[in-house]
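This structure is a prediction, so every number in the text was calculated from the model and none was measured. All ligand and atom numbering here is 1-based and tracks the order in the structure. Just the heavy atoms: all of them, side chains too, but no hydrogens, waters or symmetry mates, feed the values below.
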Amino acid sequence: MARKLTSAQQAKRDAKRERRAEARTEPEAAPRALTFGEVIRNRNLVWSTSKATRTLIRDTEAYTREAAKVSLQVVSCFDCNATKACCSVVVGAYFHEVVPIVDRLRKEGRDTPELRAELAAAADEMETRSPDEYRRPCALLDAQERCTVYDQRPAECGTTFVSSPAMQCSDPDASVQKYLPPYRARSQEAERVFESEARLIPLRGPYVGALPRMVLLCLEAWDRSDYAQFLAEQIPIVAQRAIAAVARRT
Ligand code: SF4
Ligand code: SF4
């Protein structure tokens, strides 16, 4: 036979039931939106973007070595001791290519106001001058003319090889003979995959622009949970500026 509850016990039980019912009807807190850096980490995108670019560079180098043998030409870049003129010119990059660079800069504590200011100044100049006039050492080049992100360098840096003498690269009036590898379309394909994996907003064109601008935007986006909207607003503007600058080439 059920024990009869005292009025105090009954009140306690009713209050408990009420609390349970309230807990059931309270809306669940919306999950916090992930930052760009969290999406990158959760989806292992530093590894996959780095692999795509490294493979492209490796294949291009192999192709260039073979092409040089066939044409009996020297690839000057393989033993270049000249001033690194190729690190003071206009360089473009897809957005996925700068993800491993930014990951490294952050891990090495190099995301400083000074670096951001230098990237912004270089990007402004790269986007407004003709490539014929642009000569500014890359913000990622050190005083000894070594690339400080060599293992993460973008495809344009890793797949540009010349057969003319290295000294000619720093002479604006000299002609430079470049090998034109057939692989660069792969960067565009890797970019499409990345944009989907990183949950970026699809745009009419790819996420691409001047290298310093892409690095800067990636640094700025890293800790933002509204990164997709932020990048979708910024990229079309800077991509257009970069295209307009290249069109000024005489
Ligand atoms: S592009 Fe010219 S300056 Fe750059 S590594 Fe090759 S030879 Fe040297
Ligand atoms: S990223 Fe490295 S290789 Fe490319 S331009 Fe800058 S310093 Fe040179």
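Atom 2 (Fe) of ligand 1 has Cys169 SG, 2.3 Å as its closest protein atom, hydrogens excluded (heavy atom only). Of all protein heavy atoms, the one lying nearest to atom 8 (Fe) of ligand 1 is Cys80 SG, 2.3 Å. Atom 4 (Fe) of ligand 1 has its closest protein heavy atom at Cys86 SG, 2.2 Å.
Because the distance cut-off is set at 2.8 Å, Cys77 fails to qualify as a neighbour of atom 4 (Fe) of ligand 1, as none of its N, O or S atoms comes that close.
Among Cys87, Pro154, Gly158, Cys138, the residue whose heavy atom lies nearest to atom 6 (Fe) of ligand 2 is Cys138.
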Subject >> Intermediate values then yes/no, salt bridge (charged side-chain N to carboxylate O under 4.0 Å, His left out), Glu195 and Arg192 >> reply: CA-CA 5 Å; Glu195 287 172 17; Arg192 272 195 288 269; over 6 Å; no

Subject >> Check against salt bridge (charged side-chain N to carboxylate O under 4.0 Å, His left out), Glu108 and Arg104 >> reply: CA-CA 6 Å; Glu108 293 180 351; Arg104 176 170 177 171; 2.9 Å; yes

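Ring geometry, Phe194 versus Phe36: the interplanar angle exceeds 60°, so the pair is classed perpendicular (tilted spans 30 to 60°).
Looking at Thr55 and Arg186, their side chains never bring a donor and an acceptor atom within 3.5 Å of each other.
When atom types are taken as modelled, the side chain of Thr160 and the backbone of Cys157 share no donor-acceptor pair closer than 3.5 angstrom.
Residues Gln177 and Gln73 fail the side-chain proximity criterion, which asks for heavy atoms closer than 4.5 Å.
Listed by atom number, the atoms of ligand 2 under 4.0 Å from Cys157 heavy atoms are 1 (S), 3 (S), 4 (Fe), 5 (S). Set against the non-hydrogen atoms of Ala166, the atoms of ligand 1 under 4.0 Å away are 7 (S).
Ligand 1 lies within reach of Val162, whose nearest heavy atom is under 4.0 Å from it.
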